[in-house]
Each structure stands twice: as structure tokens, then as C-alpha cells.
Q: 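Take this structure first; my questions come after.
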Amino acid sequence: KLLEIITGEKIKIIFSPAGSGRTEFLKSLAKEGKRIMLVLPYISVIKNKIETDLEITELFDTFYGNADLKTIEFGRNIVTTFDKFSRSNYDKISKMFDYIFIDESHLLFTSSYRIEATANVIKKIKELYYISSNDPFASKIVLLTGTETGETHFFNKVANIIRVSKPSLGKEMEF
């Protein structure tokens, strides 16, 4: 059902807490043959979240450090950083992927010490949105976060907002 929700012209903003299945959703899309670009804020997140998961490393190539996005092979899923994404050729990547997921998107509005990189990511999202709103075959843009910050305000008129919750663990606390 979530796949139906993330198609369409508008930017999708998915608010879902940690442990609600975002990574499993991305894996399932990749297994279905969807072409995915996953953009993460830091190299450390790629190393800790992606490179420690054997299944995802089989489904996705990583591009950070000296790895050049110009060498992306069509049909491969990739994971990259905000920095590399912000310098990518938006026209090329809009045609190479079905979906571009920007994970931890709240950092685009809260990371003041990386203002140039985050501003360039927002600019890239706007460029990709323009392409996708005029080309039905262009990449769909999905922002993922568990922390609501500026996404709803900034992308208000061009976004569909989706809120995902996870079941309560039913734990009780005693004091």
C-alpha cells in the first residue's frame, strides 16, 4: 500500500519513527526491481546502517569518499551522501532511478554547520521535483524522517505528507 502512496507527481514526506520499517521497505522495493537512490547525511551512517546489513549491501552499491557518481551503472541501486547527491547531475539521475529517498531529511533544516551542503540538497530536490512534475517517467522524490522540522513548511504546496506509526510495545513503567 505504501508503494501506491509514494507514486505521483508530488514530493512525498514520510514521517516514521525509528524501527517502523523504512529500511525493510527500501529493500522490498529493490527486490521488486525498482531502481533506488538512497541519500544519507553522513558517511558514518552509511558505514553503520548500510554496510553492516549484508542483504542491503547485495542490493545497493555505495558511493562516498572517492567513489564518483559518474560511474553509476544503469539499473543498480545506490546509497550516497548529501554531499555527493548535491553535486550530482539532476537530469541524469532523474532518469536512472524510479525513486530517490532522502533519509534523515530533518537534517536539511537543522544542520547549520553544513549549510552549503544542505542548501544544495534542497536545491537539487527542487530541480528534481520540477523534472518529475513534467515527466511521468522521472524519479519520484521521497523524504524520510522521524523528526518533523522544516519539511512541511518548506515543501508545503508540492508535498504529500504521510505519517507512519509503529505499534506500541505495551511496556509499562513503574516508579
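Predicted model only: the values in this text are computed from it and were never measured. Along the sequence shown, the residues carry numbers beginning at 1.
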Q: I102 and F82: side chain to side chain contact (heavy atoms under 4.5 Å, CB included), yes or no, with the steps?
A: CA-CA 8 Å; I102 312 291; F82 281 6; 3.9 Å; yes

Q: Atom CZ of residue position F74 - does it have more than 12 heavy atoms of other residues, nucleotides or ligands inside 6.0 Å?
A: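 Buried by this count: over 12 neighbours within 6.0 Å.
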
Q: Roughly how far apart are E104 CD and T147 OG1, rounded to 0.5 Å?
A: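 If we round to the nearest 0.5 Å, E104:CD and T147:OG1 are 7.0 Å apart.
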
Q: Are any non-hydrogen side-chain atoms of F25 and V142 less than 4.5 angstrom apart?
A: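 F25 does not reach V142 side chain to side chain.
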
Q: What distance do L69 atom CG and D61 atom CG have between them, rounded to the nearest 0.5 Å?
A: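 Rounded to the nearest 0.5 Å, the CG-CG separation comes out at 11.0 Å.
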
Q: Tell me, do T118 and L107 make a side-chain contact under 4.5 Å, heavy atoms counted?
A: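 No, their side chains stay 4.5 Å or more apart.
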
Q: Decide yes or no for L128 and I93: does some side-chain heavy atom of the first lie under 4.5 Å from some side-chain heavy atom of the second?
A: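 The answer is yes; the side chains approach within 4.5 Å.
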
Q: So, do D98 and K140 sit near enough that their side-chain heavy atoms are less than 4.5 Å apart?
A: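 Counting from C-beta outward, D98 and K140 never come under 4.5 Å.
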
Q: Would you give the length of the straight line joining atom CZ of F60 to atom CE of M37, rounded to the nearest 0.5 angstrom?
A: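 Going from CZ on F60 over to CE on M37, the span is 11.0 Å.
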
Q: Could you tell me whether the side chain of N77 and the main chain of I36 form a donor-acceptor pair under 3.5 Å?
A: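 A pair under 3.5 Å: yes.
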
Q: With rounding to the nearest 0.5 Å, note down the distance linking OG1 in T149 to NE2 in H106.
A: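 It comes to 7.0 Å.
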
Q: N120 versus R87: any side-chain heavy-atom pair under 4.5 Å?
A: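 A side-chain contact is absent here, since even the closest heavy-atom pair is not under 4.5 Å.
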
Q: Give me the atom names and distance for the closest heavy-atom approach of S105 to F109.
A: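 Heavy atoms of S105 and F109 come nearest at O-CD1, 3.7 Å.
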
Q: Strictly distance-based, threshold 3.5 Å: is any side-chain N or O of R22 a donor or acceptor partner for the main-chain N or O of L144?
A: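 Between the backbone of L144 and the side chain of R22 there is no qualifying donor-acceptor contact (under 3.5 Å).
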
Q: Report yes or no: does R35 contribute a side-chain atom to a donor-acceptor pair with the main-chain N or O of S139 at less than 3.5 Å?
A: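 Not at all, since once roles are kept as given, no pair shorter than 3.5 Å links the two residues.
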
Q: When you measure from the side chain of D135 to the backbone of I131, do you find a donor-acceptor pair of N or O atoms at a distance under 3.5 Å?
A: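 A pair under 3.5 Å: no.
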
Q: List the atom of E51, the atom of T57, and the distance in Å for their closest heavy-atom pair.
A: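 For E51 and T57, the tightest heavy-atom pair comes out as CA-CG2, 3.7 Å.
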
Q: So how far is it from I100 CD1 to I125 CD1, rounded to the nearest 0.5 Å?
A: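 Interatomic distance, I100 CD1 to I125 CD1, rounded to 0.5 Å: 9.0 Å.
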
Q: Considering only heavy atoms from C-beta outward, does the side chain of L38 approach that of I50 to under 4.5 Å?
A: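 L38 reaches I50 side chain to side chain.
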
Q: Can you establish whether the number of heavy atoms outside F15 located under 6.0 Å from its atom CZ is more than 12?
A: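 Enclosed.
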
Q: Can you name the nearest heavy-atom pair linking S86 to A117, along with the distance?
A: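 Closest heavy-atom pair between S86 and A117: CB-O, 4.0 Å.
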
Q: Are I56 and L54 in one and the same hydrophobic cluster, where Ile, Leu, Val, Met, Phe, Trp and Tyr link if side-chain heavy atoms are under 4.5 Å apart?
A: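 Result: no, two separate clusters.
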
Q: Please check this pair: side chain of K84 against backbone of A67, looking for a donor-acceptor N/O pair closer than 3.5 Å.
A: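 The answer is yes, because a donor-acceptor pair under 3.5 Å joins these two groups.
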
Q: For I78 and F97, what are the C-alpha separation, side-chain angles and deciding distance, and is it a side chain to side chain contact (heavy atoms under 4.5 Å, CB included)?
A: CA-CA 9 Å; I78 71 158; F97 300 99; 3.8 Å; yes

Q: Considering all heavy atoms of both residues, which atom of P41 and which atom of V45 are nearest to each other, and what is their separation?
A: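 Between these two residues, the closest heavy atoms are CG-CG2, 4.3 Å.
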
Q: So, taking the atom named CG in L26 and the one named CZ in F101, what distance separates them when rounded to the nearest 0.5 Å?
A: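 Rounded to the nearest 0.5 Å, the CG-CZ separation comes to 5.0 Å.
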
Q: Is there a donor-acceptor pair under 3.5 Å between the side chain of D53 and the backbone N or O of K49?
A: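 A pair under 3.5 Å: no.
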
Q: Counting heavy atoms not belonging to K92, are there more than 12 under 6.0 Å from its NZ?
A: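 Enclosed: over 12 neighbouring heavy atoms sit under 6.0 Å from NZ of K92.
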
Q: With a 4.5 Å heavy-atom cut-off, do V79 and Y64 have their side chains touching?
A: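 Side chain of V79 against side chain of Y64, heavy atoms only: no contact under 4.5 Å found.
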
Q: Given side chains that start at C-beta, do those of V121 and V39 come closer than 4.5 Å, heavy atoms only?
A: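 Of all side-chain heavy-atom pairs linking V39 with V121, none is under 4.5 Å.
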
